[in-house]
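What you see is a predicted model, and the numbers here were worked out from it, not measured in a lab.
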Amino acid sequence: DEATLSARLAAATRTKLQMFEDLRAGKASFKFWDVVLLTASDEPQAAAYSEQIAAKLARKEIPPTRYHVIADPPGPKIGNGGATMEAIRWLENTFGQQLDEWCVLLIHAGGFSKRLPNVSVIGKIFAAVPLGEPVYQMLEVKIATYIEFPAHMAPGVFVACADDIELFESNAALAFRSPGFTALAHPSSLEIGTTHGVFVLRDAAGVAKDLSEPCRAAECGRFLHKPSVAAMQDKGAVIPGTDMVYTDSAYYCDRAMAHKLREFYDKHSPITCEIDAYGDFLQALGPDATDEYVTNSANVVKVEASLTATRLALYNHLRGTPLNVIACNTSKFYHIGTIPECLFHYCADPTIAAEMGFVRRTGPSKIALADPNTKHCLINSSVGAGVHVSDGTVVEFSILGAGSHVGAGSLVSNAVIPEGAHVPGDVFLHTAAVGTGYVTVAYGVHEDIKKGYAADVVQDKMVFLGKPVGLALAALGRSVADTWGGKSCSLWDGALFAQLPTAQASVQWTLALLSGAPLPSGPADGPWHSMESIVANKNIAATLALQRAAIQTA
């Protein structure tokens, strides 16, 4: 049952976290990753990641090994599949035959986290998690999650994403020594299967005989990418005797297969379309795979002319490769890549709190508040006297002035909130350093920051802070052309926020915008910014200094 599953996962997670703690503290010695490699979208993001990793190593927050970051090549987006092949080529060019003996953890950390923009500047792999001392980021969580793997792995590459948490119980079947690909598989509902990859096992009935085993190795006939319920039923993906399927999360490829991917990349470079490391790699694998998927662009963000031909070439290159599955029957999969997901899992979800050991307050946030029983989450924030933080709200790396109030269901990040100030509910508020100044952005937590509108309808159709954006433009004295420059208009690229010389001034400006009060400064006081321009012009050192200030102020 659910309670038993959660208890087993909590015990398994405690073991992994303790192994991680012991290894980074130098209290234990066991086989660890020979290389941890992060991918980044571009060189500026890669430089920001490298800066943060160097600081974490200096503070002994992560176990010592070779940490590297590589950027996607400039030009067309190549997807996480292209990034995987670029990473393997870099590894082979850098380390050569040493890779024949090494285990590599490859974490895809590119992208700009448009649905969780408090980590757009620092990167989603550095998202704070309410756990650990000093507080963990997703990098620590990923390393701890896979801490046991290198000891049970032949040389090769393990590929994972940066914004999910997989919890599982281990046994002897959790090993990565088979040729080809070996993927983790998690029992999931048919509904979840429609938004993930789904494995069709060759002996599903045999695997289903004992679902109480924590992990079981199985041969996969084929892989379905975001299939319909009918397709799952028709292809035999449903676990016999259940209404569940096995869905994907992360996978391993052995050394020979990694080199085979590099050979494809060399032959077909430059890649000019988005290749998916899941859909385009795994659908080509297994004895029952077909090439019917190569023309299906339903899940592709931007369809390039070369997509079908590249997919078909990749299918032919990988065809016949074994796809092994580790059916993780005692497991769960959590995604924390959007504002609502963050608020729910950090504040309102008792299950993940018990399984992961999440706490409601970390660092200086542990001091007493006026309302100690409120269901909120405070991460490394300084809290003044008489502060009220409402239910369902996450506050991270912020300074809350005495008597201030934060409404329900908000996410406040890197912000210096003045004494007595009020932050409304259901608001995302985040301060970032840009050049020599600071910008504080605000959006409704349920607003679609990525959705685009035509310039001639944006004032009435786009919702910004709960109202048509045209009302905000009038208050700001801005035009559509000022704000978007004639492009397709989204909240992500809307220059709606003024740059101010101090973090405090930028917060006060945005709080005035939220309240409808007269703005303390106008367009002449500095550049206007969107999240897009903040990321492009970020001052990573000053942004990280904001986070440290919140801890040191307490």
Side-chain angles (χ1 to χ4, degrees), residues 38-55 69 71-75 77 109-127 396-398 413-416 428-443 449-450 452 464 472-473 476-510 513 519 521-550:
L38 307 186
T39 66
S41 295
D42 54 29
E43 291 294 348
Q45 187 176 65
Y49 286 7
S50 296
E51 186 176 332
Q52 292 175 83
I53 287 173
V69 185
D72 289 351
K77 290 185 178 297
F112 296 109
S113 303
K114 293 182 180 180
R115 296 188 296 167
L116 190 61
N118 56 307
V119 294
S120 295
V121 169
I122 63 172
K124 56 190 171 185
I125 191 64
F126 300 103
E396 63 166 16
F397 304 108
S398 294
S413 171
N414 294 10
V416 183
F428 171 84
L429 186 79
H430 170 69
T431 302
V434 179
T436 58
Y438 297 84
V439 183
T440 299
V441 301
Y443 306 103
I449 296 174
K450 298 170 66 173
F464 173 54
L473 293 180
L476 295 170
R478 304 273 287 161
S479 68
V480 171
D482 292 335
T483 307
W484 285 282
K487 301 182 297 181
S488 174
C489 310
S490 71
L491 286 176
W492 174 261
D493 55 22
L496 295 162
F497 307 100
Q499 177 178 320
L500 280 298
T502 68
Q504 294 90 328
S506 76
V507 170
Q508 290 172 334
W509 186 93
T510 303
L513 176 65
L519 296 176
S521 57
D525 293 317
W528 289 84
H529 282 284
S530 62
M531 274 304 307
E532 181 182 54
S533 68
I534 288 170
V535 169
N537 298 283
K538 61 181 173 284
N539 182 334
I540 188 70
T543 299
L544 295 175
L546 274 181
Q547 297 189 346
R548 290 193 298 272

TODO: Of all the heavy-atom pairs spanning T543 and A433, show the shortest one and how long it is.
DONE: OG1-N, 3.1 Å
TODO: Kindly write out the residues that satisfy side chain to side chain contact (heavy atoms under 4.5 Å, CB included) with S120, not counting sequence neighbours, or none if the list is empty.
DONE: S113, P117, W492, M531, V535
Task: Close side-chain approach of L500 to T440, heavy-atom, < 4.5 Å - done: no
- [ ] Check side chain to side chain contact (heavy atoms under 4.5 Å, CB included) between T39 and all other residues, then give those that pass, not counting sequence neighbours.
- [x] A83, L106, H108
Open item on the list: Suppose we screen for side chain to side chain contact (heavy atoms under 4.5 Å, CB included). Which residues come up paired with A545, at least two apart in sequence or across chains?
Closed with: R548
- [ ] Evaluate the side-chain proximity of V507 to T431: yes if any heavy-atom separation is below 4.5 Å, no if none is.
- [x] yes
Open item on the list: Among residues at least two apart in sequence or on other chains, which ones pass side chain to side chain contact (heavy atoms under 4.5 Å, CB included) with T502?
Closed with: Q504, A505
Task: Gap between atom CG of L491 and atom OG1 of T483 - 0.5 Å precision - done: 11.0 Å
- [ ] Give, for atom CG of L544 and atom CD of E51, the distance between the pair rounded to the nearest 0.5 Å.
- [x] 6.5 Å
- [ ] Report yes if the side chains of F497 and W528 come closer than 4.5 Å at any heavy-atom pair, otherwise no.
- [x] no
Open item on the list: When you compare the side chain of N414 with that of Q547, does any pair of heavy atoms fall below 4.5 Å?
Closed with: yes
Task: Between CG on residue L513 and CD on residue Q508, distance to nearest 0.5 Å - done: 14.0 Å
- [ ] Go through the structure and list residues passing side chain to side chain donor-acceptor pair (under 3.5 Å) with D482, not counting sequence neighbours.
- [x] S479
TODO: Could you check if a side-chain atom of L496 sits within less than 4.5 angstrom of a side-chain atom of R478, using non-hydrogen atoms only?
DONE: no
TODO: Under the side chain to side chain donor-acceptor pair (under 3.5 Å) rule, collect the residues that match up with N118, sequence neighbours excluded.
DONE: E396
Task: Residues in side chain to side chain donor-acceptor pair (under 3.5 Å) contact with H529, at least two apart in sequence or another chain - done: Q499, S533
- [ ] Report yes or no: does S398 contribute a side-chain atom to a donor-acceptor pair with the main-chain N or O of A415 at less than 3.5 Å?
- [x] yes
- [ ] Indicate the atoms forming the closest heavy-atom contact of G435 with N539, along with that distance.
- [x] O-ND2, 3.0 Å
Task: Non-hydrogen atoms of A71 and A46 that approach each other most closely - done: CB-CB, 4.1 Å
Open item on the list: Within the structure provided, determine whether V441 and T510 are in side-chain contact (heavy-atom separation under 4.5 Å).
Closed with: no
Open item on the list: Tell me every residue that passes ring pair (Phe, Tyr, Trp, His ring centres under 6.0 Å) with F112, counting only those two or more places apart in sequence or in another chain.
Closed with: none
TODO: List the steps, then state whether side chain to side chain contact (heavy atoms under 4.5 Å, CB included) holds for I53 with L38.
DONE: CA-CA 10 Å; I53 287 173; L38 307 186; 3.6 Å; yes
- [ ] State which residues pass ring pair (Phe, Tyr, Trp, His ring centres under 6.0 Å) with Y49; sequence neighbours excluded, sorted by chain then number.
- [x] F126
Task: Atom of I540, atom of A48 and distance for their closest heavy-atom approach - done: CG1-CB, 4.0 Å
TODO: Using the test ring pair (Phe, Tyr, Trp, His ring centres under 6.0 Å), find all partners of Y438 that sit at least two apart in sequence or belong to another chain.
DONE: none
- [ ] Could you tell me which residues satisfy side chain to side chain donor-acceptor pair (under 3.5 Å) with S490, sequence neighbours excluded, listed by chain and number?
- [x] D493
Open item on the list: Suppose the criterion is salt bridge (Lys or Arg N to Asp or Glu O under 4.0 Å): which pairs have a residue in residues 527-544, not counting sequence neighbours?
Closed with: K487-E532
- [ ] Return yes if some donor-acceptor pair links the side-chain N/O of K124 with the main-chain N/O of G110 below 3.5 Å, else return no.
- [x] yes
